[in-house]
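Here's the structure, in structure tokens; my notes come after.
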Amino acid sequence: MLDQKLIRENPTSVEERLSLRGKVFNISQINELTIKKKEIDIEICSLQSESKKLSKLIGKEIGKSQNNNSLELDNLKKKGNEYRIKISESEEKQRILDKQIQNEICNLPNFPSNDAPIGKDQNNNVELKTWGDPLIRDNLKSHWEIGESLNLFDSIKSTKISKSRFISLIGNGAKLERALINFMLDIHVNNGYLELMPPALVNSESLTGSGQLPKFANESFKCSNDDLWLSPTAEVPITSFHRNEIIDPKQLPIKYVAYSPCFRREAGSYGRDTKGLIRLHQFNKVELYWFCDPSKSLEAHQKITSDAESILKKLNLPYRLVDICTGDLGFSSSRTFDLEVWLPSSKCYREISSCSNCLDFQARRSSIRTKIDKKNTYLHTLNGSGLAIGRTMAAILENGQQSNGSVKIPDALVPYFGSNFLKPA
RNA sequence: GGAGAGGUGGCUGAGUGGUCGAAAGCGAACGACUCGAAAUCGUUUAAUAGGUAACUAUUCGUGGGUUCGAAUCCCACCCUCUCCGCCA
């Protein structure tokens, strides 16, 4: 959520900064509503003030006189009643306006950072660096072909259980998934992160707090009997872990690493990535998350990105670092670095981690503050995948494939997986 | 799921219709004393919105209602605790 004061006092600059996202945002409507609401606020405030004075007067009068039914008192009460009616009428108007305003403001995305490359869509993203040598060879198999031949997972059977875009991991496939989760968690915990295992179901307030609601209700699964949703990312429960808190600045930065299953409806992605582990309704992810002092979030952003990168390096997977352009930024993010892993079968880099600095956008929505110079100030939140497990497995299968049909397990993962190769039965 | 108890400031906890935004204690901050510290004494110490400020309003789990006036009464919901049932 953007600062309401800023929207009110500097609408032109707000519109300009938002327009970097490549869309037109109209703030004037919000401000018209805000002006109307403010007039009513002032009216209510003075009515309440009068009514309060009157009530106190009545209290005193009753205390003084024995007969509580004097004509004077009745008149005073009548007057009070008039106040009450007026106030409740105005409050009704105020409530409606406030709801409209809140809804409009909650639908505004974060400001893109001035450092982010300006651009319209993903074609304008900027490659910052590459690491490792991409495997390029003819006759390379896709990870789903490898997975099928090694009997690591089954999507057909999973369609029977659920529907398309679900997968069951089998035998070594399941073991590899487990190994990757443990491997990543251990590294991040050793690196100063506190491990968190949050609930997988989250309420609407949590989704609103991190920016998924109200705008993206279509992208999450909802439980029909409760105000609960299947969490699309651990970013949601971690943000709300500290919702409505004022955090002691001495505790900052607070760094969490969380393994969680993630559920996404993938509405509008029909026909894309229908095979394999790339785009599923349910996938596992190890997420990194920082709550930090507002003055230190730029540094933190570099750090969280390099923490995610360290996993790819340890697994010896070729990747590149991409600076997401203003038009391609996620709703809550001001700046995002994507890590994209090399997938030889499709001869391209695919997103495996997205590291975002949300500044105070989520903190304001979730009311998470810290004390700076004795003043309560919204802190900054950052999140980054460290990494998406399914896509990591796909990358390992494709990059580690051998001509004899087996797959080489990255050395760092061997202690977790228990052997050097995945071999055909 | 059934029965009961309860949700008050950073924390503990009083307050059952009228200067109550809320006693007291703890904690914290500042000052005095001290070479320094502890102890002691004094002062201060909730948030949000509007305003340069004085100030005004709102907030006692949440949302409604009664009343001139609600932390206090009524209704609904949420949450916590205890007992019972069920269950991994």
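These numbers come from a predicted model, not from an experiment. Letters A, B, ... are given to chains in the order of the sequence lines, protein chains preceding strands, and every chain is numbered from 1.
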Atom [atom1] of [X] to atom [atom2] of [N]: distance rounded to whole Å?
X	N	atom1	atom2	result
A:Asp98	B:rU48	CG	P	17 Å
A:Leu228	B:rC79	CG	P	9 Å
A:Glu9	B:rG50	CD	C1'	11 Å
A:Ile42	B:rA57	CD1	P	14 Å
A:Gln48	B:rG21	CD	P	14 Å
A:Glu91	B:rA57	CD	C1'	11 Å
A:Gln4	B:rA49	CD	P	9 Å
A:Asn244	B:rG10	CG	P	12 Å

[atom1] atoms of [N] and [M], separation to the nearest Å:
N	M	atom1	value
B:rU45	B:rG10	C1'	10 Å
B:rU44	B:rA22	P	13 Å
B:rG18	B:rA71	C1'	14 Å
B:rC20	B:rC30	P	31 Å
B:rA14	B:rA24	C1'	7 Å
B:rU34	B:rU48	C1'	42 Å
B:rG7	B:rU62	C1'	11 Å

For a quick test of reading the model: is some side-chain N or O of [X] closer than 4.0 Å to OP1 or OP2 of [N]?
X	N	value
A:Lys371	B:rA47	yes
A:Arg8	B:rG50	yes
A:Lys38	B:rG51	yes
A:Arg369	B:rA47	no

Can you figure out which of [options] approaches the side chain of [X] most closely?
X	options	result
A:Lys52	B:rA57, B:rU19, B:rA47	B:rA57
A:Ser55	B:rU58, B:rC68, B:rG51	B:rC68
A:Arg95	B:rG64, B:rA47, B:rU58	B:rG64
A:Asn376	B:rA47, B:rU67, B:rU58	B:rA47
A:Ile58	B:rC68, B:rA47, B:rG51	B:rC68
A:Cys45	B:rU19, B:rU48, B:rU56	B:rU56

- Residue among A:Phe291, A:Trp290, A:Tyr289, A:Tyr378 satisfying ring-ring contact (aromatic ring centres under 6.0 Å, His included) with A:His242: A:Phe291
- For A:Asp41, which contact category applies under a 4.0 Å heavy-atom criterion: base, sugar-phosphate, or nothing? nothing
- Message: Does either side chain, that of A:Asn203 or that of A:Ser206, offer a donor lying less than 3.5 Å from an acceptor on the other one?
- Response: yes
- Quick check, are the ring centers of A:Phe183 and A:Phe417 under 6.0 angstrom apart? no
- Does B:rG6 have a Watson-Crick or wobble partner in any strand here, with both distances under 3.5 angstrom, and which is it? B:rC79
- Is A:Asp323 salt-bridged to A:Arg335, going by a charged N under 4.0 Å from an acidic O? yes
- Query: Are A:Glu205 and A:Arg243 close enough for a salt bridge, meaning some N to O gap below 4.0 Å?
  - Reply: yes
- Message: Between A:Arg365 and A:Ser210 (side chain of the first, backbone of the second, donor and acceptor by atom type, cut-off under 3.5 Å), is there such a pair?
- Response: no
- Message: Please give me the minimum heavy-atom distance between A:Ala388 and A:Lys285, naming the atom from each residue.
- Response: CA-CG, 4.1 Å
- Item | Residue closer to the 5' end of RNA chain B, A:Ser49 versus A:Lys78 (nearest nucleotide) | A:Ser49
- Closest nucleotide of RNA chain B for A:Asn81 versus for A:Glu50: which of these residues is on the 5' side? A:Glu50
